[in-house]
Amino acid sequence: MMADVERPNALTVTGAHNGAIMSSCLVEIDESSAVVRLTGVLDAAGAEAVRGALLARLLTRPGPVVADVTGLRVVDPAGRGVFADVRREVADWPAADLLLCDPAVDGPARPDAALAGVPAWPTLDGALAAVAATPLAAVLTADLAPAVGAARQARELVTTGCERWGMPTLTDPACIAITEMVNNVVAHARTPMTVRLAPQETTLHLAVRDHSPRQPTFAGISPPNRAGGRGLLLIDTVTRRWGSSAVPDGKVVWCVLHPDDEAA
């Protein structure tokens, strides 16, 4: 499998078997909108590259992204499942979702109808109307350097968000979580990072994206004689759930906080 840049904001994903090209899927990103167009043939060999392209777009554009599969033919289960997999992957990211434009949802079932599990509209106008209904203003983002002071800047962003969105009980635990997430980047990834937060009904979603492929590992409570290593324990303690997503050129560490946990 390889991905070659054909022109700005477009890549061709090709699948090969024993040296023969079996499929080709063109991914085109519309920078002026939420649309990612996929055309051609998608099989298992191209699924991972399509997954990466969709996640990369979701990283750069807060809010739902629409995958327009009008011109796409999906030829095996691995290819069909990539859209639902991406949607599950970003379910707890701040302000992220994947929608589909698929004319077949308004007609007979298509062979690739395993795009099931992803909200779909038969027209692009319908899908974009759903995107327009999402309050993109309820998102805060900051690009930070891996330096002393990054955690303080991230806490200020969290405090602003909690005040703006009426979530005062989540300010302290969210500041604890974001401090540890950012400090892990400063200490281990040592790359520039993007901090993003957004409300979702009554919950608060935080994420830190860096450019290191190294995934965090949580082994529970550290021995009392061990220095450090408690950052993930703190995140695990103050959040409802947390996790890490592998993305092109790095990872996203995310967490979700719920006001009921603080009331308890």
Side-chain angles (χ1 to χ4, degrees), residues 55 58-59 62 85 88-96 139-264:
L55 289 176
L58 285 156
L59 285 169
D85 288 346
R88 283 191 296 268
E89 189 71 54
V90 305
D92 285 320
W93 290 13
V139 181
L140 291 175
T141 302
D143 295 320
L144 304 177
V148 175
R152 174 185 53 78
Q153 292 174 274
R155 287 193 297 272
E156 291 172 354
L157 192 71
V158 166
T159 300
T160 297
C162 288
E163 291 175 352
R164 181 176 300 178
W165 302 323
M167 297 178 161
T169 60
L170 295 181
T171 303
D172 288 345
C175 282
I176 292 171
I178 204 69
T179 295
E180 298 305 325
M181 294 161 74
V182 168
N183 282 343
N184 281 341
V185 177
V186 174
H188 303 295
R190 301 174 185 172
T191 72
M193 72 191 89
T194 300
V195 175
R196 182 176 294 166
L197 58 145
Q200 184 174 317
E201 297 179 347
T202 61
T203 60
L204 179 64
H205 296 241
L206 311 177
V208 178
R209 186 262 202 276
D210 65 52
H211 298 276
S212 167
R214 180 182 177 185
Q215 296 290 316
T217 56
F218 177 53
I221 299 174
S222 299
N225 60 347
R226 177 182 172 185
R230 293 177 175 80
L232 295 179
L233 174 61
L234 283 171
I235 295 171
D236 189 69
T237 300
V238 301
T239 65
R240 173 68 63 96
R241 56 188 177 273
W242 70 276
S244 179
S245 304
V247 299
D249 188 31
K251 65 179 175 294
V252 174
V253 179
W254 53 265
C255 66
V256 179
L257 296 98
H258 199 292
D260 289 351
D261 297 339
E262 304 313 307

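To the nearest 0.5 Å, the span separating OG1 on Thr141 from CZ on Arg196 amounts to 4.5 Å. The line from CD of Gln215 to OG of Ser245 is 8.0 Å long, rounded to the nearest 0.5 Å. Remark: Arg88 CZ to Asp85 CG distance equals 4.5 Å, nearest 0.5 Å. Here the CH2 atom belonging to Trp254 is positioned 6.5 Å from the CZ atom belonging to Arg241, to the nearest 0.5 angstrom. Note that CD of Glu180 is 9.5 Å distant from CG of Leu233, once rounded to the nearest 0.5 Å. Summarising the geometry, atom NE2 belonging to His188 is positioned 11.0 Å from atom CG belonging to Asp210; distances are rounded to the nearest 0.5 Å.
With Leu170 as the partner, the side chain to side chain contact (heavy atoms under 4.5 Å, CB included) test is satisfied by one option alone out of Leu257, Asp261, Thr202, Thr239: Leu257.
In terms of heavy-atom proximity, Arg209 sits nearest to Asp249 at NH1-O, 3.1 Å. Shown here for Leu140 and Arg164, the closest heavy-atom pair between the two residues is CD2-NH1, 3.3 Å. For the residue pair Gly161 and Leu197, the shortest heavy atom distance occurs at CA-CD1, 4.2 Å. The heavy-atom pair separating Met193 from Ala150 by the smallest distance is CE-CB, 4.3 Å. Here the closest heavy-atom approach between residue Lys251 and residue Ser244 is recorded as CD-OG, 3.9 Å. Looking at every heavy atom in both residues, His205 comes nearest to Pro94 through O-CG, 3.4 Å.
Looking at Cys162 and Leu204, their side chains come closer than 4.5 Å, going by heavy atoms from C-beta outward. Between Asn184 and Leu232 there is a side-chain heavy-atom pair separated by less than 4.5 Å. Contact annotation: the side chain of Ile178 approaches that of Val182 to within less than 4.5 Å [non-hydrogen atoms, C-beta and beyond]. Residues Val253 and Pro216 have side chains in contact (heavy-atom distance under 4.5 Å, counting atoms from C-beta outward). The shortest side-chain heavy-atom distance between Trp93 and Leu59 falls under the 4.5 Å cut-off.
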(request) I would like to know whether Asp260 and Arg240 meet side-chain contact (heavy atoms from CB on, under 4.5 Å); could you show each step before the answer? (result) CA-CA 10 Å; Asp260 289 351; Arg240 173 68 63 96; 4.2 Å; yes
(request) Evaluate side-chain hydrogen bond (donor to acceptor under 3.5 Å, both in side chains) for Thr179 paired with Arg155, printing each intermediate quantity in order. (result) CA-CA 7 Å; Thr179 295; Arg155 287 193 297 272; 3.0 Å; yes
